[in-house]
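All values reported here derive from a predicted model rather than from experimental measurement. Throughout, protein chains are lettered first and strands after them, A, B, ... in sequence-line order, and every chain is numbered starting at 1.
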Protein chains: 2
Amino acid sequence: MSSNALNTRTKILNATWKLMEERRGVGVRMSDIAKAAGISRQAVYLHFSTRVDLLGATTKYVDEINGLDERLKVVTQAKSGFDALMAYVDVWGNYLPEIHGIAGALLAVRETDEAAKAAWDDCMSCHQSGCHDIVKALQSEGRLAANWTDSSATEMMWVLLSFQTWEQLTVECGWSNAQYITWMKSILVQTFVS
Amino acid sequence: MSSNALNTRTKILNATWKLMEERRGVGVRMSDIAKAAGISRQAVYLHFSTRVDLLGATTKYVDEINGLDERLKVVTQAKSGFDALMAYVDVWGNYLPEIHGIAGALLAVRETDEAAKAAWDDCMSCHQSGCHDIVKALQSEGRLAANWTDSSATEMMWVLLSFQTWEQLTVECGWSNAQYITWMKSILVQTFVS
DNA sequence: CCGTCAATTGACACAGTGTCAAGTTACGCA
DNA sequence: TGCGTAACTTGACACTGTGTCAATTGACGG
């Protein structure tokens, strides 16, 4: 039945998620996922036509489970652009480590895979519009630092808060997530708030 | 003879470089490289034992041809930390587009390939020590902005000037390289110089 | 008890990397 | 002039991982 099918589907998604996080998205094969889900390799293909399809579905699944939308409500409820910025860094900075593996995998195949690119861009445009909201709020309060235009500020903020930047600072430089959030808040305020 | 061997080797390196830049490192196969170099696929293996070996050698080759060391002399000759920072952004910012393809390819396989990781880390540690020199200069002049420690400033500067950040701003946000350099100078001064 | 749907099993095609062995070409040197 | 060697070619093959296909099993509901 549908519930049974859903169970297997969910099993696959969970297995994919788990393996992606464990191995940071590197060298996770369809057969590994099948084994982890306790089913045959071919059964995976009954639910997801390609590896990229599975990757995209897992991304959406992880988003749902983690409830990014729910968490971002704190940001929209902020009283000022400054508060929104602080809240955003908190939410986003705590969200990134949870999607580390799957995001890394998506990022890696996005160059060659249309579906992966789509899943990634989807997530990124959401993130970018979050940054844009903050910039607009700062601007309307007259607190956006001089020299920045609406779009250049949004884009620079988006890049500063990108997955890649987070990954470099935490994984390659060894910063703790708390450090990341602290320093990032500091540099963002210094840069964008007057 | 050796000169002939060198010629073939150079042909391969040039072909690899060219293809990597053309396709931004995506989908460049050994057979493509061989064809572009005008030799058989197997001949490539006579000079480079694996794909990663070739990638690493091409990186070194590109570095030599481009003469990064030479260009960085301008930085070491700067009179102040501030001048060094400005010069560094100029040199590095004009260097990045020239290594776009090969750097992207290296970055992509570095997770799975030890040799690629080594080649990348080599380049990165050079870049990081460049940042460190600037931070030290600023610090000795008493012009390093408050709150930053020696290492946190170096690391943050390194990340701001990373290939990934450059790629996001130029490729994904569509900034021109001149824009990148201008804005990057602005944010770096604002952040690190008091 | 039959039909259906999920899942299994095992085989296969395909692409790309890397290996191997045998044959060819070119060039320096006796 | 011809020999030997090193570079290169040719064609075959093993291996891994993805995706496909067909035949079969097993469970559950009508």
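- Distances shorter than 4.0 Å separate none of the side-chain N or O atoms of A:His47 from OP1 or OP2 on C:dA6.
- In this structure, the side chain to side chain contact (heavy atoms under 4.5 Å, CB included) partners of B:Met86, at least two apart in sequence or on a different chain, are B:Phe82, B:Lys185, B:Val189.
- Distance, A:Ile33 CD1 to D:dT18 P: 8 Å, rounded to whole Å.
- Using a cutoff of 4.0 Å between basic side-chain nitrogens and carboxylate oxygens, B:Arg71 and B:Glu98 are scored as salt-bridged.
- The aromatic rings of B:Trp148 and B:Phe192 lie tilted to each other, with the angle between the two planes from 30° to 60°.
- A donor-acceptor contact under 3.5 angstrom links the side chains of B:His132 and B:Asp150, judged on distance only.
- The interatomic distance linking B:Phe48 (CZ) with C:dT19 (C1') rounds to 18 Å, in whole Å.
- Distance B:Tyr45 OH to D:dA6 C1': 21 Å, rounded to the nearest Å.
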Original post:
Which letter, B, S or -, goes with each nucleotide of nucleotides 9-14 of chain D from 5' to 3', with contact meaning a protein heavy atom under 4.0 Å?
Top reply: BBBB--

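- Between the side chains of A:Tyr88 and A:Asp133, no donor N or O sits under 3.5 Å from an acceptor N or O.
- The CG-P distance, from B:Asp53 to C:dT17, rounds to 14 Å in whole Å.
- Near DNA chain D, defined here as any heavy-atom distance below 4.0 Å, the residues from residues 20-32 of chain A are A:Arg29, A:Met30, listed numerically.
- The line from CH2 of B:Trp175 to OG1 of B:Thr182 is 9.5 Å long, rounded to the nearest 0.5 Å.
- Under the 3.5 Å distance criterion, with hydrogens and angles disregarded, a donor-acceptor pair is assigned to the side chains of B:Thr165 and B:Ser162.
- Note that CE of A:Met156 and OG1 of A:Thr149 are 10.5 Å apart. Values are rounded to the nearest 0.5 Å.
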